[in-house]
Structures are given as structure tokens and as C-alpha cells.
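Labels below follow one simple rule: chain letters A, B, ... track the order of the sequence lines, proteins then strands, and each chain is numbered from 1.
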Amino acid sequence: MLEKHYQPAEVEGRIYRQWEETGAFKAGAGKRGEAKPYCIVIPPPNVTGSLHMGHALNNTLQDVLVRFERMRGRDVLWQPGTDHAGIATQMVVERKLAAENRTDRRTMGRAAFLDEVWRWKAESGGTITNQLKRLGASCDWSRDRFTMDEGLSRAVLKVFVGLYEKGLIYKDKRLVNWDPKFQTAISDLEVQQIEKKGSFSWTDGDPERPFDAAALAKALKKDPSGHLYHFRYPLKDDPTRYVTVATTRPETMLGDTAVAVHPEDERYTALVGKKVVLPLVGREIPIIADDYSDPEKGTGAVKITPAHDFNDFEVSSRHNLARINVLDAFARIDESAPDAYRGLDRFVAREKIVADMAALGLLAKIEPTTHTVPHGDRSGVPIEPWLTDQWYVDAKTLAKAAIAAVESGRTQFVPENWTKTYFEWMRNIEPWCISRQLWWGHQIPAWYGPDGEIFVAMSEAEAYEKAEAHYSGRKDPSSPQREEDDGEGQRQSPAQGAVPHLQGSTRKFTLTRDEDVLDTWFSSGLWAFSTLGWPDETAELKRYYPTSTLVTGFDIIFFWVARMMMMGLEFMHEVPFDTVYIHALVRDEKGQKMSKSKGNVIDPLELIEVYGADALRFTLTAMAAQGRDIKLAKSRVEGYRNFATKLWNAARFAEMNGCARTAGFDPAKVEETVNRWIAGEVERTAATITAELEAYRFNEAAGAAYQFVWGTYCDWYLELIKPILNGPDGKARTETRAAAAWALDEILRLLHPFMPFITEELWTKTGESGPGRGAPLVLTPWPEARRLENTAADEEIGWVIGLITAIRSVRSEMNVPAAAELELVLSGANDTSRIRAGRHGDLIRRLARLKSISLAAEPPKGSVQIVVGEATAALPLAGHIDLAAECARLEKEIEKARAEIAKVDARMANAEFVAKAPAAVIEENQGRKADFSAQIEKLEAALRRLKAAG
RNA sequence: GGGCGGUUAGCUCAGUGGUAGAGCACUACGUUGACAUCGUAGGGGUCGCAAGUUCGAACCUUGCACCGCCCACCA
């Protein structure tokens, strides 16, 4: 016997364990060979992370697809795993060390720190996995992977070496985005532009406001960015004259090596080629002409700081300017600057330099401006363009195949408009900086010889082999192939043939391994094939690659999807997935991205605890309309929790009424109209859900299921069959019990991808009677299309529902007490209606609260009259009717009908409409007019009778 | 500056050419043997504004307004 309420907390854990114990999620279980594979690789969450709303949405949608396809008989692999998340994880552990007052990372040393991180991973690494299980994710956990496990690390090495040897990975010294807090380079994608607006101003020579260094310091502390400083740089030839430059970054002036003006800017033509003396530093720097300078901006003369600005770096290449680095890794002024500034933090230096310039009379003015300041997305501090050696991937080359694959449709984005975003980025892709000055991650497999030679290899031993070969004058067995050898030793062309045997040789040198690790996304980029066993040629790789669908958020199209496309095509020579389904972001009520720092996070686990995993899943699915963000409202979750309860109680009702499943029941052979009707409705719903899921319209699929279960099965079907169930034993009751149980079974199947727990629980419970269940619901086939629709039954039940609804409506409007049982007199009814009324009299009486239904030529006097098709249904309410109110009601009905007719008439009066609209539309309009006209006639007749009686 | 998306009921949102919808909230009635986490009935919208295309526009086009996001730039 089912309880009155479904208790998710008591059920979910048990059900999930059952699924795992039966191996329901295992790929290939009993299906390998004959079944088509269907594979999704999970977007690997941070190994030490915990489930947030984005994960909940992402994994719910994947699970819906995976469960759907599994029921449809596909051999499903949902490949799970976690990501080591370099910066994020290292940050967490460092913070933990600090919080526990332990020695910091640098003091502790690399090996000890890594031990610490692994310990942390061991401690918290299972959290997210367990939380995904609570959500109901049906991943094949037996295949769980981690980006730093042995196999995936091997894949990373292989890819790095492979790309290096093809010249697609290289080392370069150029400006990178440097994060002074984490002391590492980061990629362009990890930089966030944050808009800053200045708040104060100052003008030289204003007698009211002399320069006040203390006030400036205070203002700058509060508001360090967003100001434009106009500096005067004295001319070398004539120190009384200046070139004024404007900058938002005063402290970088210490590294200026030129001032640029536009070649056609007449204000400065005479100065080009002359020199200025850089204040505070004393360096003489040239005034150059370069297109980069924009006469419209600032003063038209721009200071050039090649080592600290990406544009200036370009200018320096064109003009052969020195690149003077004035910042250290902490973004403090370094020793290349005058003593007075050395060691100062960049913002302290900013203050001092502005003050010093003012003291020299070289500060012309300060004005507030709005500009964006690049920040590290993890550290939150302003990043510095900084000149360092880093490793890069030649993304431009790899992008070619990745672009072509989407152009040709081998991989499709859903919704399709993300294609544009993908192309836009791919076609303008920049070299990808992959080295990170971190410790947690895949250490770069590059070793340096005594003279700086680079040996990239799968292992240290192999690196030594290569080095031996190199230093002994033999050809390096595997250096990069480059069409144009740039002359550097490590880029000699490879020699074919035997690797020199090194046994017994004494090394006269040592190699040092590159300390840096790879960008986390480098290993994530291999995810679609590394998790399947690559570089080994495993059966899984053969069977499941290319994978079927990738489900992810648009915020990581660049980070991840693009990189997987590039890596997949490069190493597997085939796209990593057929379809990329891009879902929305779950945002807070203001449409803002949820984040811990903003404190606007809704915890999915709390929702699961309160409402159950199924309610949360259904909410997310029902709201996952394509191309739109989800602003989550709790009331919605509550509503769908109620839906689960409704389903539960429908099952409970069935149980209480002996609606047990019957062996051999065939929905195509039912005889009762109501059963023929529900069979057709079930099938229609199944077809809709199937089609919508195939098209990734999750919200439509969920909506169809909801509408059917609540609005059709519970509200009508169960009500309609009550008289039969309560009636005498016999054929009709037997059939109806079986049909109700059958329909419930179908509902459980259709709902299972969305609400796996409650449906599985009900499947088990309802399986306790009747024929045994062959399998748990998770492995039960999806409803198949048959031909169960029955127009005659649809029309008949439609008529019954219409009559009942109309009577209820009038009762309510006339304030008839709910308990009062009325008589119904049907007049003007044709044969069909009379037969229908007779056949369904019991249930019409019950659902409309009637005492009796009788036929008459004319509606009795003093009755409320309802027009039902060709007939008029009358409720004799003599003495209870407010005559005026009833007249008003009828008149209102007539008015409504007339308004509809007027609309139709207006349309039909339009000659062009008649000429051009499709015949079906015209017919429909004519039909409408006829229907409404007939209705008006009946209503008018009713009104006349009413008035005559009065 | 380039791109994408949004503006529909009090709130959160569906709805891509032919009769404006859902959940929540609201009003009235109701504890009738599945369900008050419920039932029945109801109120509530000139679909941001303007012009255009069309027989017909919430839907297509253009412009405008406001909101959000992404990319680039920012002296």
C-alpha cells in the first residue's frame, strides 16, 4: 500500500544504490554489437568542487538524454570524470594552508606541496561525484576518470610531444597576461575586462586647488583606476618645451622607450625624430611617427611602453625600440628603475610617480575616464602584460580543421546560432599560451640542456636519449619537423633510423625539466578520446568515438568545445561529437551569473533536500528553453514537487481500485470508449515527447508530459473511470482496471528520463502485483508508436468533457451549492448526443453533480440553459434563479459569440483574404461562423424562454 | 566598435504567420473514499514603441527605446 505522500529523501538513496548494484548504467551491458552506441562525455567538474546550479542543469539535461536513449535501446556510455583544475585547486589548497597557519607553498617546496594537494583531492575528491549521484546522474562510474590519472597523463604527454614535433607547440618570448597574485601566465580567455570609472580630477595652475600629495594618495587608495594623467615630457633640445602624453598607467612610464604621434598629425610633424628626456628616469627617448597613434585620443601623443602594453609591443617591433621591463613577478617596480621606485608595488608607485611629476611641474592634469582594466578571472587582481618565455600552441593552424568540420556540418551546434560565436572566435584565434607557473598540473615534458637546448620527450629517459644524440653530434632522433629551419639546434630535422643505444655511456651533462605545468584546458581538450583509452587503441575508443552529443554551457565554448574540436581532429582525425547542445546559464533573479563572491548562489542540494531530486530536475528541464537563460524561481520547484505528489497519488488511486497490470493486455483491443480515448492520448503524448527530445526541446518535452499526466490522466481519465471502477464486476471494469494500469505504466516510462527516482519507485511498487517486471524501469524500453488514436472516441469524450465543464461553469456562476444535486434536461439533441448522454450518464451525473438526466422537447420553464452543440442542456432551478443575473449571463454569452462572428465577418468581407488565404483557413472561418451563429440562435431562444417565464 | 539575446498576465517564463498560454500569486466555492503538496470555477495581457511586408503579425523586415551577455578596443 502506497503512502499518502511521496518521500523523496527516503527513496532516492535506495533507488540509486539499486541502479548501481544492477549495473544499469554500465556501457555495453548485454547490448554490445547489435545496439547503436550513444555516448556523452561529461564536462568534467573540478575534482574538489561541489555541485552548483550550473552542474545541476548541465547534468540533468545529459541524464535526460542518456536515460531516453538507453530506454530506446542504444548502447549508452555516459563517461564521467573530474578535472584537476590547476589554478582553482592550487588556490584552494594554498588558502587552506594559510587558514591553518601552516608553512606556505614556497617554503614547503614543490614535492611537499603536491603531496598536500593530492591529500586534499583524496579528502574532497568524491564530493562532486556523490552529489551527481544524488541528482540521479546515470554515469558509468566504473569508468570514472581524472585528468591527472595515469592514462590521461600519458595522453597529455603524447599530445604535447606530438604537437611539438610538428612545430605546433613552441616556446616564445612575448607579452603574456601575467597574474601577479598567482604569479603565473594565463590565457586570453582567463582575463576578464572590468570597467573602471574614475572619480577625481585636477588641473595644473588652478589657484583654488594646488596639488596635494596626501589627498591624491588617499583618493588613489580608494579609486586606483579610471584616471587619465597628462604628463609633460621635456624636449631634449629645449627643456622649456614639452610633449604632453596621456596615460591611465603612470607607473609604466619608467619603461617608456618612445613617444608616438600620428604621421599626419600636423601638430607634431616638426617634432618627429627629435627626442624627449623621460622625466624621473632621465632616459632620452625618440618621438616617432606611427599609425597606432590616434590624434583623436588623449593629446594625440602617446607614450610607448613596449614591455607593458600589447599595442606598444607591436609598435616597438616596427620601430626597433628597446623593451624595458620595469616590473617583477609581483608587479613591483624592479631594479631597472631609479632607486626611488624600486620595490614599490605598482599602485604605490603610481601614487609616487604622479606626486613626483606634479612636484616637477610636469603633471598637466588628471581627468576621470572610463576604461576597462583586465583582471585575472580567478585572482580578481589586475593582470599585467609581462614579457616572459612561455609555451604556445599554434591554434591558428589547428583551428582550420575545426572550422571546416562545423562548416560542413559534421558537428552541429544546437541552438544553431552558437555556430556564429564559434566561427567568430575560431577565425580570429590567437596563439594559445599553455604554460602556467603553477605546481598542480601536468608538468611540461621539456628538458633543458646546459646550453639551453630543449628536449621534449615522453619521459626523462627519452629526453636523455635525445640529448645524448644531440651532444654526441648525432642527429636528434625526433626533433620537430619544420619546413623552414630557424637554425636553432633543437629544431633540426629528424633522422630516420635506429635510436642510438646509450647503455654504458657516461653522461657528461644533466638535464633540467621545465618547472611549469600545462593549462588545465590542455588536458580537458583531450577528454573526448583520452577518457576512452587513447593513446591505446581500445575497444571503447573504437566504439564510442566520435561521441554523440556534448552538453555544455555557452561560457565554455571557447575554453573547451573549441579545444576539443581542435585536438580531436588533430589526433583522432574525426570530430569529437556530432552535436553540441549549448544550454543556458542558470542565473539569479537579476539575471546575474551566480557566484560565491556575489553571494547569490542557490544550492541545488538544498532544493533536493526540500523538494526531491525529481522536482529539481523537472524544473530545470521544463525551463531549459533553447537560447534563453534560466532565472530560477523556487516556486517553480515547489510546483513540480507537487506534480510528483500528484503522480504518486494517481498511482495510489490505481492501486486502491485494483488497477493492476494484466498479462497480455493490448491497448489496441480495448472496447470502452474512455479506454480507447486514453490509449490514443497516451500515444500522442509519447510521440510528442519523443520528437521534442530528439530535437533537444527539453522544455516542450517536459511540458507535454506534465500536461498529459495532470491535465488528461488525473483530471479527466481517472475521474471518468470512477463510475466504472465503482460499478459492478464485469467486462468493462476488468478492462478499465487493466487500461488504467497500462496507461500508468506508460506514464512512468515517459516520465522516467525527467523524474527517474519516483518513477522507478512506482515501477517497483506497482510491479508487486500482476505479471512480474522483467527489468528495472531504467532498462525498460521506451513506448513504441502504435496506431491507437481513435477519432470517434476522441470526439465522444470531448463532448462529455465539454458538457461537464459547461455545467460546472454555470453552477459556479449561479452560486449553486456544491453539494446540491440538480436535474438535467436535454432538449434539441440529435441521435449522437442522445446516445452519448445515455452511455455516459453515470459519469456525467457524478462529475457534474446531477440527480438525473432526462430528455424533453423543450427546456422546462425557469431553468438555466446551456448550449451544447446542437442541443440545449437545462438545469431547472426554479426559485433559485436570479432572473436578472441569468439574463445578464446569457446576454454576455451572446455578446461574446457575436464578437467572434464579427471578427470572422471582417475577415470574410476582405476580398483579398477570400482570394489569397488557403482554403483550409477559409473553411475554418466559415465553420467558426456557423458554430457561433448556431450558438447565438440557441442562446437567444433560451433568453426568450427565460423572459417569457419571468 | 562588432556580435548575440531579451522586452508577452502581479512574479518567473513558454509560445517563429491563422481563436494569446503555463507555473506561482490572486478571487469565490469546496474536505465528494487518490491527492488541501488537492479539486472546481474565475479575474487578470492594446504581446516595449513606430513604420513596413502580408489576405492575416506576439511571430517576418526596418528603425527606435530600454535591459542583459560575449568579443575587441580603450592615450
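- Straight-line distance from the CZ atom of A:F554 to the P atom of B:rG3: 19 Å, rounded to whole Å.
- Checking B:rC73, B:rC70, B:rC55 against the side-chain heavy atoms of A:A917 singles out B:rC55 as nearest.
- When all heavy atoms of A:A702 and A:F618 are compared, the closest pair comes out as O-CZ, 3.3 Å.
- Checking B:rU16 for Watson-Crick or G-U wobble geometry (two distances, each under 3.5 Å) identifies no partner in any strand.
- Both distances falling under 3.5 Å, in either a Watson-Crick or a G-U wobble arrangement, place B:rC4 opposite B:rG68.
- Using N1 to N3 plus N6-O4 or O6-N4 for Watson-Crick, or N1-O2 and O6-N3 for G-U wobble, each under 3.5 Å, B:rU32 pairs with nothing.
- Pair check for B:rG44 finds none; no Watson-Crick or G-U wobble contact set falls under 3.5 Å.
- For A:E424 and A:T421, the side-chain atoms include no donor-acceptor pair closer than 3.5 Å.
- Regarding contacts with the backbone of B:rC38, a side-chain N or O of A:N642 is found under 4.0 angstrom from either OP1 or OP2.
- A:R846 comes within 4.0 angstrom of nothing in the nucleic acid, heavy atoms only.
- With a cut-off of 3.5 Å on both pairing distances, B:rA25 has no Watson-Crick or G-U wobble partner at all.
- Look at A:K4 and you'll find a side-chain N or O under 4.0 angstrom from OP1 or OP2 of B:rA36.
- For the 3.5 Å distance criterion, the side chains of A:H230 and A:E367 qualify, holding a donor opposite an acceptor.
- Side-chain N/O atoms of A:T248 include one lying less than 4.0 angstrom from OP1 or OP2 on B:rA75.
- Per the geometry, CZ belonging to A:R808 stands 5 Å off P belonging to B:rA41, to the nearest Å.
- Using the Watson-Crick or G-U wobble rule with both distances under 3.5 Å, B:rG56 pairs with nothing in any strand shown.
- Considering only side-chain N and O atoms, A:W710 lies under 4.0 angstrom from the phosphate OP1 or OP2 of B:rG39.
- Using a 4.0 Å cut-off, no side-chain N or O of A:K722 falls inside it from OP1 or OP2 of B:rU32.
- One finds no side-chain N or O of A:K303 lying less than 4.0 angstrom from the OP1 or OP2 phosphate oxygen of B:rA75.
- The side chain of A:S809 contributes an N or O atom lying less than 4.0 Å from OP1 or OP2 of B:rG42.
- Taking 4.0 angstrom as the limit, A:K297 places none of its side-chain polar atoms (N or O) nearer than this to OP1 or OP2 of B:rA75.
- Base pairing analysis places B:rA9 opposite nothing; no Watson-Crick or G-U wobble pair with both distances below 3.5 Å involves it.
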